[in-house]
Amino acid sequence: MVERRVTIVEVGPRDGLQNEPGFVPTALKLDLINRLAHAGLRRIEATAFVSPKWVPQMADHAEVMAGVTRQSAIAYSALVPNEKGAAAAITAGADALAVFTAASETFSRRNTNCSISEGITRFRPVMALAEKAGLPVRGYISCALDCPYEGTIAPEAVADVAARLFDLGCAEIAVSDTIGTGTPERTTRAFEATARHVPMAALAGHFHDTKNGALANVEAALALGVRVFDGAVGGLGGCPYAEGAPGNLATEKLVAWLEKAGWETNLNGAEIAKTAMWIRHRLKV
Ligand code: HMG
Ligand code: MG
């Protein structure tokens, strides 16, 4: 029997709000996170402990991480680029960490001011801190299908970075379509190549939704056995260092589509849709 359970990782508070033109007040961020928890989300990427010079929208990371109303069943994760971010995230109470690199050298430099290899070297002390604190680490691979600077990315390039992140100790690898231009065919090739190095059970799909194409990519990945997908409530988001990067696949859209197709998400779709309307209204988007 095919396993019908799908896990959704909510990345709106981080991937969504990092791209807002203005600073979203900390209290509003906390309200959003608490509403998402109420809607049943059990993995929530709450903030990013990145340099506030690079992403000022996430400058209140410590207050956000320390301020969420904790529930033992919920893992509140933090995106971190280096040891400094990891140490601060752990001090603030993160339940999980996520590191990020890319399958494109140019994007890696634009986003983190270093090459892919340098980035992975920076993750070593992050992994050591996480291990000491007993926290799992996810590894994102940006531009896994297309890069805004280098164009189409070869599946082997994604697979190579995935293998390095997995060897480093990442428990999950999020294959990410940063600019949302991937197709189901190329999604399939990227996941197939990656699954030759990393177990399918350790892969996740992170799709931005440029032209309503993200669900087709989810479908392609589901067919291969991927069971973890990211969503951002309200379809918020983008990446400040990927010009034209659109919003993420909306969590409410993802959940409604999965449930209709007979997948179990264990989420309250109506509450998520309500939260999506509420945050879009508050942000005037
Ligand atoms: P850098 O300028 O090369 O590094 O930035 P640095 O070590 O010279 O640090 C510069 C300043 O930042 C220093 O402060 C550091 O202390 C400080 P100063 O001495 O000048 O006062 N700093 C920090 N502060 C707080 N927390 C930290 C931290 N690290 C350094 N962790 C760096 C390198 C990686 C730090 C920078 O490029 C950076 O923070 N980049 C983050 C970019 C980012 O957040 N992009 C969006 C998230 S990724 C994404 O959206 C894609 C994803 O969704 C998947 C997908 O869709 O593709 C995940
Ligand atoms: Mg993203």
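None of these values were measured; they are calculated from a predicted model. Whatever order the structure lists ligands and atoms in, that order sets their numbers, starting from 1. All values below were derived from every heavy atom in this structure, side-chain atoms included, with hydrogens, water molecules and symmetry-related copies excluded.
- Counting only heavy atoms, the protein gets under 4.0 Å from atom 20 (O) of ligand 1.
- Counting heavy atoms from C-beta on, the side chains of Phe229 and Val226 come closer than 4.5 Å.
- Other residues, nucleotides and ligands contribute more than 12 heavy atoms inside 6.0 Å of the CZ atom of Arg70.
- Here the straight-line distance linking atom CD1 of Ile116 with atom OG of Ser104 works out to 6.5 Å at 0.5 Å rounding.
- Of the protein's non-hydrogen atoms, Ser51 OG, 3.9 Å is the one closest to atom 11 (C) of ligand 1.
- Judged by a 6.0 Å distance limit and a 45° cone about the ring axis, Arg5 is not positioned over the six-membered ring of Trp263.
- Checked by distance only, ligand 1 and Gly85 come closer than 3.5 Å through their nitrogen or oxygen atoms.
- The protein heavy atom nearest to atom 47 (C) of ligand 1 is Gln18 OE1, 3.4 Å.
- Here the heavy atom of the protein found nearest to atom 3 (O) of ligand 1 is Asn113 ND2, 2.8 Å.
- Among Arg138, Arg14, Arg43, the single residue meeting the salt bridge (Lys or Arg N to Asp or Glu O under 4.0 Å) criterion with Asp230 is Arg138.
- Under the 4.5 Å side-chain criterion, counting only non-hydrogen atoms from C-beta, Met65 is in contact with Phe49.
- Counting only heavy atoms, the protein gets under 4.0 Å from atom 24 (N) of ligand 1.
- Looking at Asn82, Val126, Val80, Ile179, it is Asn82 that brings a heavy atom closest to atom 35 (C) of ligand 1.
- Under a 4.0 Å N-O distance rule, the pair Glu264/Arg4 does not qualify as a salt bridge.
- From the protein, the heavy atom lying nearest to atom 26 (N) of ligand 1 is Val50 O, 3.4 Å.
- No donor-acceptor pair closer than 3.5 Å links the side chain of Glu83 to the backbone N or O of Phe123.
- Under the 4.0 Å criterion applied to side-chain N and carboxylate O atoms, Lys274 and Glu271 are assigned as salt-bridge partners.
- For ligand 1, the atoms closer than 4.0 angstrom to any heavy atom of Phe49 are 26 (N), 27 (C), 31 (N).
- Between the CG atom of Leu203 and the CD atom of Glu172 there is a distance of 8.5 Å, given to the nearest 0.5 Å.
- The closest side-chain heavy-atom distance from His61 to Val64 is not below 4.5 Å.
- By the 3.5 Å distance cut-off applied to N or O atoms, Asp177 is not counted among the residues near ligand 1.
- Within the coordination shell of the Mg ion (ligand 2), defined by N, O or S atoms under 2.8 Å, Asp15 is present.
- Under the 4.0 angstrom criterion, atom 52 (C) of ligand 1 counts as having a protein heavy-atom contact.
- Atom CD in Gln71 sits 8.0 Å away from atom CD1 in Ile44 (nearest 0.5 Å).
- The shortest heavy-atom distance from Pro52 to ligand 1 is under 4.0 Å.
- Less than 4.0 angstrom separates some heavy atom of His208 from each of these atoms of ligand 1: 56 (O).
- For the atom pair Ile179 CD1 and Cys147 SG, the distance stands at 7.0 Å (nearest 0.5 Å).
- Within the listing of ligand 1, atoms 47 (C) sit less than 4.0 angstrom from a heavy atom of Leu79.
- Listed by atom number, the atoms of ligand 1 under 4.0 Å from Ser142 heavy atoms are 51 (C), 54 (C), 55 (C), 57 (O).
- Within the 4.5 Å cutoff, the side chain of Pro13 has heavy atoms near those of the Glu10 side chain.
- Near Asp15, the atoms of ligand 1 lying under 4.0 angstrom from a non-hydrogen atom of the residue are 50 (O), 53 (O).
- Atom 41 (C) of ligand 1 is flagged as protein-proximal [any protein heavy atom, distance under 4.0 Å].
- For His206 and Tyr140, the gap between ring centers is short of 6.0 Å.
- By the 4.0 Å heavy-atom criterion, Met58 is excluded from the residues contacting ligand 1.
- With rounding to the nearest 0.5 angstrom, the CD atom of Glu105 is 9.0 Å from the SG atom of Cys114.
- For the pair NE2 of His208 and NE2 of His206, the angle whose vertex sits at the Mg ion (ligand 2) is 90° to 10 degrees.
- The contact set between ligand 1 and Asn111, taken as ligand atoms under 4.0 Å from a residue heavy atom, comprises 37 (O), 40 (N), 41 (C), 42 (C), 43 (C), 45 (N), 46 (C), 48 (S).
- Of all protein heavy atoms, the one lying nearest to atom 58 (C) of ligand 1 is Arg14 NH2, 3.3 Å.
- Taking every heavy atom of Lys53 and a limit of under 4.0 angstrom, the matching atoms of ligand 1 come to 14 (O), 18 (P), 20 (O), 21 (O).
- When heavy-atom distances to ligand 1 are checked against a 4.0 Å cut-off, Val55 comes that close only through its side chain, counted from C-beta outward.
- The residue among Arg122, Lys84, His61, Glu83 with a heavy atom at the shortest distance from atom 15 (C) of ligand 1 is Lys84.
- Interface atoms of ligand 1 facing His206, defined by a heavy-atom separation under 4.0 Å, are 53 (O), 54 (C), 55 (C), 56 (O).
- The protein atom (non-hydrogen) at minimum distance from atom 5 (O) of ligand 1 is Trp54 NE1, 3.4 Å.
- Residue, atom and distance of the protein heavy atom nearest to atom 32 (C) of ligand 1 are Thr112 O, 4.2 Å.
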